[in-house]
Amino acid sequence: MSHPTFRLYNTLTHETEPVEPIEEEHLRFYSCGPTVYMYAHIGNFRSFLTADFIRRTAEALGWDVTNVSNITDVGHLTQDDLVDPGGEDKMQQALEREGERFANIYDLARHYTGAFLEDWRALNLREPEVRPRATEHVTDQLQAVIELVEKDHAYTTDQGVYFSVESFEDYGHLSGNTEAQQLEATDRETVEDPQKRDPRDFALWKHDPEHLMHWHSPWGWGYPGWHIECSVMGMRYLGDRFDLHTGGEDLIFPHHECEIAQNQALAGHPVVNYWVHTRFLQVEGEKMSKSAGNFYTVRDLIQPGPDDTHVPASIRQRGGVDPLALRYALMQGQYRKPFNFTLDTLETAARHVRRYRSVSEHVDEALAEDAEGPDPLGDRLDAIYERTLAAMCDDLNTPAATAAALEGVKAIEQTDRLSGAAARSAQDWLTRTNDLLGIVASEFESNEPHEASADSGLGTAAQNDAIEDLLADREAARADGEYARADAIRDTLDALGIEVMDRPDGTEWRRKVEL
RNA sequence: GGUGACGUGGCCGAGUGGUUAGGCAGAGGCCUGCAAAGCCUCCUACGGCGGUUCGAAUCCGCCCGUCACCUCCA
């Protein structure tokens, strides 16, 4: 079967280009990961999801994938173009804010790293082949800085080491920020390093023996600049030529611009062919911010605590939404366009995810029965899958892909009685669709003790028994024509968040998804 | 001020020259004891002004608006 061409928008060229891996059918790419100083929010994961879809699409095409995704566990200054030893960094601020929770900065990093990985699995993102930590690669970073100084791409001052932007003529290509005076023109409240040669120069190493994390270097105790870690870890694991690099749109400048300069200065040639950036999302039409009250971490939505009052009560009361619903909701905008995340979208997503689960269960039942009969679904579902894959290959058009896939759900639902052959086709389609989109079933459930949540269709055995008892009473009442009593029982169930559905072949129930 | 992205029906969002996106909400119908769920039908838009063309949401120009980055941020 011939596959569609995988195309992605390349920030470097401003064009949507066919993805042509350097090694045939082997995509190698680097994804900028989080700084672990707080719980990751849904915007962070929109960006990580982009990397996950690049992986899944490549795998669906039969390619091998090597993905490196870092964890930044070094606290970097809030102004990385200066080496101001008086400044505080994000992780240090977090530690001071949460001093009672953590014994030191490493404790804090460990905690948030663990939480991040939990969220990652909950949202059904596939694990990268390599997940390097910045703190474990400081020696590599130091060596890179030394090399840059030796090659005259960097110079030292009393306060640290700077990359000399002047030494790299292509600086500004990625972002379009080519004018030095633009950077000078920006208001800066911090004290300049008087020894800095060019306002655009950025720090590679900061001299600061007082920093909570510090390492020994030829320039005394200190810590590395922010941009150098990704250059170093990328090339360490992917070599000095690899295909693609992802990140949020905010990283275009300065982070990726600086990374390109470092890479090229070190390697002597371009290192990365495609740069892919995910746009920020908004929440309910506004920039997500704590002050606006629309700032959601992943765990705010999938397992909110009773004190998380900024989370809508409807979500808190039901113990959070299905993580796959959050994943589905985040797919309703293409990564490269502005996306307005709303609770309405989340609720719709929860319904669709439940629909997939329901169809999946029916297919399982039909497989067990394995009835004789034709297979009206196979060809239809194959065509739907091809359209889904084509949408993903078209610059990760996830809204179009989910729209196409939903037609497959309908096709299965509309089939009155699934033969064994039809069920096998349906099962095969569900598996392929889940491999590509990750919205049918979690691939990590076995790793994680999944707490029974309202819309997982699970629930405690005792609860389910009570519901079954009520339904039995209702059935008896209906059989006796006592509809008033039957409807009263239905109202009781409804108040418990249970939907009752009388189908031709019997009564079914499920938990509601209204948020 | 500089750089870039984007503007589609009540809402979310596909669609790059001529033919239905889809979903959500809403209306009607089928089914049901009544509901719910599901299914069927309906609701037909492209920021504004010019231009190119037989024909533009789709190409070009200008304008308006929104968002983001230029300072930590996915």
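Just so we're on the same page: letters track the sequence lines, and every chain starts at 1. Only heavy atoms go into these numbers, but all of them, side chains included; no hydrogens, no water, no symmetry mates.
Taking atom P in both B:U32 and B:C24, the straight-line distance is 24 Å, to the nearest Å. Spacing between B:C73 and B:C69 at atom C1', rounded to whole Å, works out to 11 Å. Using atom C1' as the reference point in both B:U44 and B:U8, the two lie 11 Å apart (nearest Å). Comparing the same atom, P, in B:G13 and in B:G7 gives a spacing of 10 Å after rounding to whole Å. The same atom, P, is picked in B:G47 and in B:C6; the two are 14 Å apart, to the nearest Å. Distance noted for atom P between B:G55 and B:G15: 26 Å (whole Å). Only the C1' atoms considered, B:C31 is 11 Å distant from B:A37, to the nearest whole Å. Rounded to the nearest Å, the gap between the P atom of B:U19 and that of B:G1 is 41 Å.
Across all strands shown, B:C34 has no partner, as no Watson-Crick or G-U wobble contact with both distances under 3.5 Å is found. In this structure, B:U19 makes no Watson-Crick or G-U wobble pair, since no nucleotide meets both defining distances under 3.5 angstrom. When both distances must be under 3.5 Å, the Watson-Crick or G-U wobble mate of B:G26 is B:C42. B:G1 is paired with B:C70 under the Watson-Crick or G-U wobble criterion, all donor-acceptor distances under 3.5 Å. The base-pairing partner of B:A56, taking Watson-Crick or G-U wobble contacts with both distances under 3.5 Å, does not exist among the strands shown. Under the Watson-Crick or G-U wobble criterion, with both distances below 3.5 Å, B:G9 has no partner in any strand shown. Using Watson-Crick or G-U wobble geometry with both donor-acceptor distances under 3.5 Å, B:G61 finds its partner in B:C49.
The 5' end of RNA chain B is approached more closely, in terms of each residue's nearest nucleotide, by A:Q332 than by the other of A:Q332 and A:H352. Annotation: of the two residues near RNA chain B, A:S47 and A:R490, the 5′-most nearest-nucleotide partner is A:R490.
Using cut-offs of 30° and 60° on the angle between ring planes, the pair A:Y328 and A:H352 is tilted. Aromatic ring orientation, A:F45 versus A:F116: tilted (interplanar angle from 30° to 60°).
Applying the 6.0 Å contact sphere to CD of A:E482 captures more than 12 heavy atoms from other residues, nucleotides or ligands.
Partner A:H245 forms a ring-ring contact (aromatic ring centres under 6.0 Å, His included) with one of A:F29, A:Y274, A:W275 and no other, that one being A:W275. Checking A:R336, A:H277, A:E249, A:H256 one by one against A:T11, the side chain to side chain donor-acceptor pair (under 3.5 Å) holds for a single residue, A:H277.
Taking 4.0 Å as the cut-off between side-chain N and carboxylate O, A:R351 and A:D322 do not count as a salt-bridged pair. A salt bridge is defined here as a Lys NZ or Arg NE, NH1 or NH2 lying under 4.0 Å from an Asp or Glu carboxylate O, and A:R387 with A:D382 fails to meet this definition.
Counting to the nearest Å, the P atom of B:A68 and the NE2 atom of A:H255 are 21 Å from each other. Taking atom CD on A:E284 and atom C1' on B:C12, their separation rounds to 11 Å, with Å as the unit. Atom P of nucleotide B:C11 and atom CG of A:L346 are separated by 20 Å, given to the nearest angstrom. Rounded to whole Å, atom C1' of B:C39 lies 16 Å from atom CD1 of A:I412. With rounding to whole Å, A:I71 atom CD1 is found 13 Å from B:A74 atom P. Distance, A:R387 CZ to B:A14 C1': 12 Å, rounded to whole Å. Atoms CG (A:L406) and P (B:C39) sit 9 Å apart, rounded to a whole Å. As a whole-Å value, the separation of A:R510 CZ from B:A36 C1' is 9 Å.
For A:K410, the listed nucleotide lying nearest its side chain is B:G23; candidates were B:G13, B:G23, B:A74. Nearest to the side-chain atoms of A:R478 among the listed nucleotides B:A37, B:A74, B:G33 stands B:G33. Between B:C34, B:C24, B:G23, one nucleotide has an atom nearer to the side chain of A:R351 than all others, and that is B:C24. Distance from the side chain of A:E499 is smallest to B:A37 among B:G38, B:G23, B:A37. The nucleotide whose nearest atom lies closest to any side-chain atom of A:M501 is, among B:G15, B:A36, B:C69, B:A36. Proximity note for A:Q414 (side chain, C-beta onward) versus B:A35, B:C73, B:C40: the nearest is B:C40. Checking B:A21, B:A5, B:G13 against every side-chain atom of A:A403, the shortest atom distance belongs to B:A21. Here the nucleotide nearest the side chain of A:H14, chosen from B:A74, B:C34, B:A5, is B:A5. Ranking B:G33, B:G38, B:C24 by closeness to the A:D487 side chain, first place goes to B:G33. Looking at the side chain of A:M288, the nearest of the listed nucleotides B:A74, B:C69, B:A14 is B:A74.
Put simply, A:N397 has a side-chain N or O that comes within less than 4.0 Å of OP1 or OP2 on B:G15. Taking side-chain N and O atoms only, A:Y9 has a distance below 4.0 Å to OP1 or OP2 of B:A5. The side chain of A:R503 places no N or O atom within less than 4.0 Å of a non-bridging phosphate oxygen (OP1 or OP2) of B:A35. Phosphate proximity of B:C6 to A:R279: absent, as no side-chain N or O sits under 4.0 Å from OP1 or OP2. Taking 4.0 angstrom as the limit, A:K287 places a side-chain polar atom (N or O) nearer than this to OP1 or OP2 of B:C69.
Within 4.0 Å (heavy atoms only), A:G247 reaches sugar-phosphate atoms of the nucleic acid but no base atom. Across all strands, A:E407 comes closer than 4.0 Å to no nucleic acid atom at all (heavy-atom distances). When heavy atoms are screened at a 4.0 angstrom cut-off, A:R474 is found touching base atoms of the nucleic acid. At the heavy-atom level, A:D480 lies nowhere under 4.0 Å from the strands shown. Across all strands, A:F45 comes closer than 4.0 Å to no nucleic acid atom at all (heavy-atom distances). Within the nucleic acid shown, A:L281 comes within 4.0 Å of at least one base atom, counting heavy atoms only. At the heavy-atom level, A:T278 lies nowhere under 4.0 Å from the strands shown. Within 4.0 Å (heavy atoms only), A:D494 reaches no atom of the nucleic acid at all.
Not a single donor-acceptor contact under 3.5 angstrom links the side-chain atoms of A:D250 to the base of B:C70.
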Verdict with supporting geometry, A:H310 and A:Y296, side chain to side chain contact (heavy atoms under 4.5 Å, CB included)
CA-CA 8 Å; A:H310 62 290; A:Y296 300 126; 4.2 Å; yes
Decide side chain to side chain contact (heavy atoms under 4.5 Å, CB included) for A:V353 and A:L324; before the verdict, give the C-alpha distance in whole Å, the side-chain angles of both, and the deciding distance to 0.1 Å.
CA-CA 7 Å; A:V353 166; A:L324 292 186; 3.9 Å; yes
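Here A:F280 packs flat against the base of B:A74; its ring centre is closer than 5.5 angstrom to the base's six-membered ring, tilted by less than 30 degrees.
No close placement of the A:H111 and A:Y37 rings is indicated, their centers lying 6.0 Å or farther apart.
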